[in-house]
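A, B, ... follow the sequence lines: proteins, then strands. Residue 1 opens every chain.
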Amino acid sequence: MAVRVRYAPSPTGDPHVGNIRSALFNWLYARHTGGTFIVRIEDTDQARLVPGSLDAILDALRWLGLDWDEGPGADGPHGPYVQSERLDIYKEHAARLVAEGKAYECYCTPARLDAVRKARQQAHQPTGYDRRCREPEGAEQARKENPDSNPVVRFKMPTEGVITVDDFVRGEVTFDVSLLDDFVLLKSDGYPTYHLANVIDDHLMEISDVMRAEEWLPSAPRHKLLYEAFGYEMPRLIHLPLILGPDRSKLSKRHGAASVLEFRDMGYLPDALVNFLALLGWSLDETSELFSKDDLVEHFTPERILANPAVFNIEKLDWFNGLYIRGMDDAALADALAPWLDDPEHGLPASARPVDHDYLSTIVPLERERLKRLAEAPEMLSFFFEERLDYDPSLLVPKGLDTEATRAMLEAALATADGADDWSVAALETAYRALAEQLGARTGQLFGAIRVAVTGRTAAPPLFDTLSVLGKERCVSRLRAALAAL
RNA sequence: GCCCCUAUAGUCUAGCGGCCUAGGACGCCACCCUUUCAAGGUGGAGAUCGCGGGUUCGAAUCCCGCUGGGGGCACCA
C-alpha cells in the first residue's frame, strides 16, 4: 500500500520545534518510501486563529526544505486541504451518525459541563460529560433550559468494555471505555472538533500512517471508535515522543526559542536543525549522527523511532551548526553571511554596508571555524569592515610589559609595516618574527599587542592572515591610532 | 482526582538474554598543536543500566510491583 502521510498543523501560533519535528518525520517517511507528503490545515478553532501563523508555518517548512505534494498551493485529488473549506463534509458525516443513532445533539451549557466536571473530580471519578442529553428526557430538559442555543453533536461511546489501539512505537495500548465520555464531534458554531475532522479527512485523503506527537495517544481510542462507526479502515498509528524543555516539561515558548523561525533568525542552518531534530526521537545505530537530508531520506524508518521523550539540548544544536558551517566552501559561506552583515538592523554599521563580496570572500576562510551561528557574523567580523576601532587601550599592553615598553614595541611594529613592500602572509610572518627576536620580545607579546591594535580585540583569527586580508594601509593607520591612544 | 505513556552518565543515544569490566556523541576537565580565540588531535572524569521482587545456568535486556518523569482528561488542536 502506498504511503500517504500528512502534517496537519493548526494556524494558532508559531511553528514550534515539536510540531516541525512531526512534519520532518512525516516528510522523511514519505520521501524514504516514495510516498506522498500532504499538508493539511486544521483551522477549525475560530477563536484561536492567529493571523499570519499559517504563512509562518509554511515558511518554516520551506526554509527546512520540506516540500509537500498535496496541500496549500499544491492542489491534489483530495482537496481542499484547509478544513474550514470542508465544513459541509463534516456536517454531513455528523448528521449521518446522528441518523444512525451513533451520535446525538446536546444542549448542555458550558457552565453545566464545568459543574459536572468539578463534581466528578471531587468524587474521585474520571472527569467527563454525564450524558444527560443522550436520553430523550435529558435532552428535552436541556433544550428547555437553553432555548436559544445551538446544540453540539456528541458521539455515543460504548458504556463498558475495553478498547485496544495499536501504536506502532509502543505496541498495544488498552483503555477502559467506561472511563471515556461522549466527546463532541460538531461544535455549536458548526465547526468540527479535531476528532471528527481528523478521522474524516485522514480517511478521505487516504492517509496510510498517522504520525503525530504522543500527546494524541490518549485520544486514539476515541478515534478508533469513530473509524468503526463510519466503517472506515484505521490508518497505522505512530506516536512520536515529545520534545521536552530543559525543565522536562513539554517544550514551549516559555523555554525561550521554540519557533523554528526564531532558530532561523538566530543564524542556524536549516540542514543543521534538520540533522539535530532528526535525532530527537530517532536514531540509526551506535555511532552515526551526521546526516544530510539525503542521508536521512535514505535511512529513515519508523522502526527506529523511540518511545521515550527527548530533552531539547541547544548546546548540541550549536555544535551541529558549527559543523555545518565548517562544511561550507568559501563561496557558499560568503553568500550565506552577506545578508546578515548587510542587515540594516542587526548587521554592520551603515558606513560599512553594503559589504564588498570579494573582500568578504577573503575573510571567510579566517572565520569559518570560529562561527557557531550566522547571526554572530556582524559582531565577529566587524573589525574587518569598520574604519575606526573602539576598544580599551589598556588591552594593548601585554602581560609582563608596561606602557612604555608597549609603545616602543608598537612603534617598531609600525615601522616594519610601513617599510614592508611584500604584504603576503609569509612575508609578514617572517618580518615580524625577526622583529620579535630583534626586540627581545616574546612572540606572544608582540603579536598580541599588534592583534589588539589591528582588530581591537584579544581574540581574533591568526594574526598574519588577518593583517594580510586587512591590507597594508588599514594596518598602518590602525597601528598609528593605537599609539595615539596609548 | 482519573487515565495513559515512559525510565541507560547533566543531555541526545547504542544495546532487543551471554559479545557489556555498558558503546558513540554533545557538554565538562587535562594535555598536545599554537601568536590569541577557535578548529583539530589525544586522554580523562561522569551510569551501583531509577528501586525492589521474580523468570533464567545467565538480565540493562523478559514479567510484576513501587518510585520518579511526562502527557491527556475543553463546544483547543
Side-chain angles (χ1 to χ4, degrees), chain A residues 8-10 12-13 42-45 47-48 106 108-110 113-114 117-118 120-129 149-154 167 169-170 173-176 179-181 183-189 191-195 197-198 212-221 239 241-242 244 246 248-250 276 279-290 306-320 322-323 326 366-372 380 429 432-433 436 442-452 455 457-464:
Chain A
S10 80
T12 53
E42 310 218 324
D43 57 344
T44 57
D45 185 346
R48 291 202 315 151
C106 169
C108 292
T109 62
L113 264 16
D114 212 43
R117 211 163 13 239
K118 284 201 176 103
R120 294 207 155 204
Q121 188 172 122
Q122 268 172 10
H124 294 198
Q125 293 289 306
T127 58
Y129 181 53
S149 66
N150 290 321
V152 300
V153 174
R154 284 183 186 274
D167 173 52
V169 177
R170 279 154 264 268
V173 183
T174 300
F175 298 83
D176 182 345
L179 269 19
L180 270 23
D181 72 347
F183 60 99
V184 173
L185 297 172
L186 211 57
K187 304 183 246 185
S188 56
D189 64 1
Y191 279 75
T193 59
Y194 169 87
H195 307 296
N198 210 255
R212 65 202 342 175
E214 190 193 338
E215 59 198 348
W216 291 108
L217 189 54
S219 27
H239 287 97
L242 256 21
L244 273 25
R248 303 201 65 91
S249 68
K250 197 164 73 164
F276 172 72
L279 263 11
L280 255 30
W282 178 88
S283 72
L284 180 62
D285 56 30
E286 293 201 359
T287 52
S288 309
E289 58 176 356
L290 219 64
L306 284 318
N308 47 308
V311 172
F312 188 92
N313 179 201
I314 197 157
E315 284 177 334
K316 186 137 188 180
L317 207 210
D318 284 341
W319 175 76
F320 268 119
L323 210 57
R326 275 171 254 140
L366 306 191
E367 295 283 11
R368 175 190 285 112
E369 61 209 28
R370 277 156 253 271
L371 279 166
K372 271 198 162 30
M380 200 168 271
E429 175 148 14
Y432 278 107
R433 284 199 185 278
R442 287 188 313 172
T443 50
Q445 295 177 322
L446 206 220
F447 298 173
I450 299 173
R451 176 178 300 108
V452 172
T455 69
R457 54 191 81 194
T458 52
L463 183 60
F464 305 111

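- One C1' atom belongs to B:G68, the other to B:A77, and the distance between them is 29 Å to the nearest Å.
- A distance-only check finds a donor-acceptor pair linking the side chain of A:Thr193 to the backbone of A:Val184 [under 3.5 Å].
- When Watson-Crick and G-U wobble pairs are counted only if both distances are under 3.5 Å, B:C19 pairs with no nucleotide at all.
- Rounded to whole Å, atom P of B:C5 lies 7 Å from atom CZ of A:Phe175.
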Nucleotide-resolved protein contact map, nucleotides 68-77 of chain B, B/S/- at heavy-atom distance under 4.0 Å: -SSSSBSBBB
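- Base-pair partner of B:A7: B:U67 (Watson-Crick or G-U wobble, both distances under 3.5 Å).
- For the C1' atoms, the distance from B:C57 to B:C66 is 29 Å, rounded to whole Å.
- Rounded to whole Å, the separation between the P atoms of B:A60 and B:G54 comes to 15 Å.
- The base-pairing partner of B:A30, taking Watson-Crick or G-U wobble contacts with both distances under 3.5 Å, is B:U42.
- Distance, A:Asn308 CG to B:C49 P: 17 Å, rounded to whole Å.
- For the pair A:Gln122 CD and B:G1 P, the interatomic distance rounds to 13 Å; values are reported in whole Å.
- At a threshold of 4.5 Å between non-hydrogen side-chain atoms, the residues A:Ser10 and A:Asp45 do not count as touching.
- One can place CZ of A:Arg120 at 11 Å from C1' of B:C2, the figure rounded to the nearest angstrom.
- Across all strands, A:Gly322 comes closer than 4.0 Å to no nucleic acid atom at all (heavy-atom distances).
- Rounded to whole Å, the distance from CD on A:Glu367 to P on B:U36 is 16 Å.
- Nucleotides B:A9 and B:U56, compared at atom C1', are 29 Å apart to the nearest Å.
- Distance noted for atom C1' between B:U8 and B:C20: 12 Å (whole Å).
- Looking at which nucleotide of RNA chain B each of A:Trp319 and A:Leu371 is closest to, the 5′-most match is held by A:Trp319.
- In this structure, CZ of A:Phe276 is placed 12 Å from P of B:G27, rounded to the nearest angstrom.
- Heavy atoms of A:Arg457 sit nowhere under 4.0 angstrom from any nucleic acid atom.
- For the pair A:Leu446 CG and B:U34 C1', the interatomic distance rounds to 16 Å; values are reported in whole Å.
- Here A:Phe464 lies in heavy-atom contact (under 4.0 Å) with a base.
- With hydrogens and angles disregarded, no donor-acceptor distance shorter than 3.5 Å links the side chain of A:Arg154 to the backbone of A:Asp181.
- Interface remark: the A:Arg370 side chain does form a donor-acceptor pair with the B:C37 base, using a distance-only criterion of under 3.5 Å.
- Note on A:Ala307: only backbone sugar-phosphate atoms sit closer than 4.0 angstrom, heavy atoms only; bases stay farther off.
- Annotation: the span from A:Gln122 atom CD to A:Thr127 atom OG1 amounts to 13.0 Å, rounded to 0.5 Å.
- Shown here is A:Arg120, whose CZ atom has more than 12 heavy atoms of other residues, nucleotides or ligands within 6.0 Å.
- Atom CZ of A:Phe320 is separated from atom C1' of B:U13 by 11 Å (rounded to the nearest Å).
- Straight-line distance between the C1' atoms of B:A14 and B:G72: roughly 31 Å, to the nearest whole Å.
- B:C2 and B:G72 make up a base pair, with Watson-Crick or G-U wobble contacts both under 3.5 Å.
- Within the 4.0 angstrom heavy-atom criterion, base atoms lie near A:Leu463.
- Taking the P atoms as reference points, B:G69 lies 24 Å from B:C63, given to the whole Å.
- Of all nucleotides present, none satisfies the Watson-Crick or G-U wobble test against B:A47 with each distance under 3.5 Å.
- Between A:Asp285 and A:Pro462, the residue whose closest nucleotide on RNA chain B is further toward the 5' end is A:Asp285.
- Using a 4.5 Å heavy-atom cutoff, the side chains of A:Trp282 and A:Leu280 are not in contact.
- Here the separation of B:C64 from B:U55, taken at their P atoms, is 15 Å to the nearest Å.
- Among the protein residues, A:Pro461 comes within range of the nucleic acid bases, having at least one heavy atom under 4.0 Å from a base atom.
- Taking both residues in full, the closest heavy atoms of A:Arg370 and A:Pro462 are given as NH2-CD, 3.3 Å, listed atom of the first, atom of the second, then distance.
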